[in-house]
Amino acid sequence: MFAIIVSIAVTLIAVALFARTAAHIVSVVGTGQPAPGRTNQPATRWVTMLRETLGHTRMLQWSLVGALHWFVFVGFGFLFFTLLTAYGQLFDASFALPVIGHWVAYEWVTEAIAWLMLASIAGLIAIRLTSSPARSAGRYSRFFGSRMWQGYFVEAVIATIGLCIIVLRGAEYALLGAEASRLHFPLTFFVGDALGGMSQPALENLIHLVAALKILVSSAWLIVLGLNATMGVAWHRFTAWPNIWFKRHADGTPTLGGLQPMMAGGVPIDFENLEELDEDTAFGVGKIEDFSWKGLLDFTTCTECGRCQSQCPAWNTEKPLSPKLFVMDLREHAYAKATSLLTDGNSRDDPPHGDVAEADRPLIGDADAYGVIDPAVLWSCTSCGACVQQCPVDIEHIDHIMDMRRYQVLVESNFPPSSLHFSKDWKAGGIRGTCRLRPEWTGRRICRSK
Amino acid sequence: MDWAKDLPFEVKQVGIDIDSLDEVEWLFWVGCAGAYEDRAKKTTRAVAELLHAAGVTFAVLGDGETCTGDPARRAGNEFVFQQLGMQNAEVLKETSAKKVVSTCAHCFNTLKHEYQQFGVELEVVHHTQLLNRLVREGRLTPVAPVESSVAGNGASPTRTITYHDPCFMGRHNQIYEPPRELLSVIPGAELKEMARTGERSFCCGAGGARMWMEEKIGERINLNRTSEAVATGADQIAVACPFCRVMLSDGLTALQADGSAREEVEVLDVAQLLLASVRRTPAAPGDPAAVEAESAETEAETDPLDAVTPPDADLHDPGDADTAARLSGPTPSPDEIAFPDKL
């Protein structure tokens, strides 16, 4: 009885917290600028999304992790039915879902998926442990800078739920006693055999308790999500779908190739409409709200898996840019700033960054200015596309970096910190001035000033 | 056009030799590097020779071409990009350009994806794609090894080549196979891949306008990549982009200077490697008699690897391959770009 009350009460709290934070995420993403073209060819987009999620096409670029993750992904979705069963088992230990509950096919699939999910999550935990920055390559671990507790938490939840399912199935088998058929418990009858010595009331209590545990752990997951809007490793369960659906190319091509034009309010800026623009129209991105909503959804979705970081030529040569850390910093800032703005200005009495409130931090600035993104990070990017190519949830890193560069150059006149001739050449039209001099050209280097 | 000066045939220029690109199959977009940078000029010449040998008609824009704007755009200067783009678009429309071949992965990408904005729709191919097509069609036929500047061992098929994927061909445009197919049909050469290849290839360090910036933090990207290429033991490092070529050549020079790379190793464009193994003939393609008769002497005269221009060893700035070396510029030219008032 106690278990019933606690389970239901915790579930209600968890769902409420989760829903509140989900609404908050939607409102934060909604503060972004328009992103035109993201809903064209809807049919193609659905196909792309289903292919990339169900088929794990981007994930499987790393075959082992991709395969393990697929089983967890499928398990986490399909085994929702076992969660429903668990609520019934709080009341009646021999409860089964109506219609499908005793259907052999359902039982086989459930048990197979539960075991595969357990094995896979064990594999993923092992991978996270062995490649954690503390144990292996430090900076060269792809998890360097990722919030490891979040990953371990999600993995522990999945492992616990998987174990609960196996124990519950075994106990159900044992409870059936002589009526039990291995046909209906193909992969858990031996667990049931092991529990065979228990009395019927003890078995019923075991089922009640394990079902309650399963519900509490699932609720804990929702509560932790509800308390951590920036926990992409858990939220991507929900945000990856729309993030893939809204990717730039409906057909699923990675967001590479051409850059997008510079936008103001969703309209490309060119010389023709330049004069008509508002005085305070931003060129590029100078503050977090200048990103499009798709940008903010990108940041929200990052799982901190670090595939981008592992491939980045800047990061691999000890430069400060990691695409993952770049996205994580923007995400923290977006949510911290949104919270302080939504709660009427600077509600923070104790700003975490010296005397600068989150809302007052410059988007681009060095440590002394409490900048969110250091200029050295911004200018380290070679736009090689490795991060975008790798990202399993289709984050469009390069577009964001280039939009921030645009603002730096066109509004702030801040050029890359360590460039010779760069700023003066460029302000003077150096590229054009140097590259178009065909016959007279005698210089030896590309685009040398003449 | 300096790069075309010593070619044994005339390179047609739109506006001078022909009025419109309708008279030829292809516009050969040479690009800034291809026109002015000594190493890249060899690529330009090799492609021109191969197209000529295959009987493909093409023309260039000469002075009509300016930078496509890729570096400007990726350095954040959208207005310079637009200025350059509009200027080029005007020329491309006037000359009714439709099919374009480019030797520069950056020009290729920009022309292909970013000029719709200026009302120009083009069919753009990279030179490795076009050359591969010509080889498949039998219009270019690689034959047994000839004297090259490195593997001049006659019949010995021991030369190994490694291929560096330019980011703007590979990841940005999913072109991985054509250059590899070309390298694989070169007789007497074996392709040896680096560990980081294809979709996981490692950048040379020049994209995103990094070519024009100093690299003071951490290891040099080009040295990291060049070391990987050298570690394959390859005799030749094949590239398909002038930016990569500058970065890897500079990296190789530095590694050779400190003794960690063999002196014989060289960085060459795929087109040069192909040209060295193709029998060339001005006669119609597929004419065996003409091919037999012409090949020997033509090759001797116009070996792309060492003829035409003097070696450019003085270009390499060992150990100092950054902006100062790549881009030493005196006073910039007067402001030619009309900046918006806000600036």
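As the structure is a prediction and not an experimental result, all values here were calculated from the model.
- Heavy atoms of B:Glu199 lying under 4.5 Å from chain A belong to its backbone as well as its side chain.
- Counting heavy-atom pairs under 4.5 Å between each of A:Met404, A:Met262, A:Gln389, A:Gln408 and chain B puts A:Gln389 at the top.
- Using a 4.5 Å cut-off between heavy atoms, A:Thr253 touches chain B through its side chain atoms alone.
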| message | If you apply the rule side chain to side chain contact (heavy atoms under 4.5 Å, CB included), what do you find for A:Leu274 with B:Phe79, and how did you get there? | response | CA-CA 10 Å; A:Leu274 196 56; B:Phe79 292 123; 3.7 Å; yes
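- If you take CD on B:Glu215 and OG on A:Ser380, they are separated by 8.5 Å, rounding to the nearest 0.5 Å.
- Put simply, the side chain of B:Arg171 reaches to within 4.5 Å of the side chain of A:Cys384, judged on heavy atoms.
- Not one N or O on the side chain of B:His172 forms a donor-acceptor pair closer than 3.5 Å with the backbone of A:Thr255.
- Around CD of B:Glu90, the count of heavy atoms belonging to other residues, nucleotides or ligands within 6.0 Å does not exceed 12.
- Taking the side chain as every heavy atom from C-beta outward, B:Arg73 and A:Arg406 approach each other to under 4.5 Å.
- Contact count versus chain B (heavy atoms, under 4.5 Å) is highest, among A:Gln260, A:Arg405, A:Gln61, A:Met402, for A:Arg405.
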| task | Please test A:Asp270 against B:Met86 for side chain to side chain contact (heavy atoms under 4.5 Å, CB included), starting from the C-alpha separation and ending with a verdict. | result | CA-CA 10 Å; A:Asp270 57 32; B:Met86 290 192 304; over 6 Å; no
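- Contacts of A:Pro254 with chain B are made by side-chain atoms alone, with heavy-atom separations under 4.5 Å and no backbone atom involved.
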| field | Worked check of side chain to side chain contact (heavy atoms under 4.5 Å, CB included) between B:Glu78 and A:Phe283 | value | CA-CA 9 Å; B:Glu78 189 70 6; A:Phe283 292 144; over 6 Å; no
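- Taking all atoms of both residues into account, the shortest heavy-atom contact from B:Arg74 to A:Leu259 is NH2-CG, 3.6 Å.
- Considering only heavy atoms from C-beta on, B:Ile217 stays 4.5 Å or farther from A:Glu318 through its side chain.
- Closest of all the heavy-atom pairs between B:Gln83 and A:Phe271 is OE1-CZ, 3.5 Å.
- With a 4.5 Å cut-off on non-hydrogen atoms, A:Ile398 touches chain B through its side chain but not through its backbone.
- A heavy-atom distance below 4.5 Å is not found between the side chains of A:Gln311 and B:Phe202.
- For a residue to count as touching a neighbouring chain, one of its non-hydrogen atoms must lie under 4.5 Å from one of that chain's; by this rule B:Gln174 touches chain A with the side chain only.
- Proximity to chain B (any heavy atom under 4.5 Å) is shown, for A:Asn316, by both the backbone and the side chain.
- A salt bridge does not link B:Glu219 with A:Lys319: none of the charged nitrogens is closer than 4.0 Å to a carboxylate oxygen.
- At a 4.5 Å heavy-atom cutoff, the contact between A:Gln390 and chain B is made by side-chain atoms alone.
- A:Trp379 and B:Ala75 get closest at one heavy-atom pair: CH2-O, 3.3 Å.
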| message | Checking A:Thr317 against B:Arg225 for the side chain to side chain contact (heavy atoms under 4.5 Å, CB included) test, could you report, in this order, the C-alpha distance in whole Å, the side-chain angles of both residues, the deciding distance, and whether it holds? | response | CA-CA 10 Å; A:Thr317 53; B:Arg225 182 58 165 173; over 6 Å; no
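- Of all heavy-atom pairs between B:Cys203 and A:Thr382, the closest is SG-OG1, 3.2 Å.
- Residue B:Glu114 touches chain A through its side chain alone, counting heavy-atom pairs closer than 4.5 Å.
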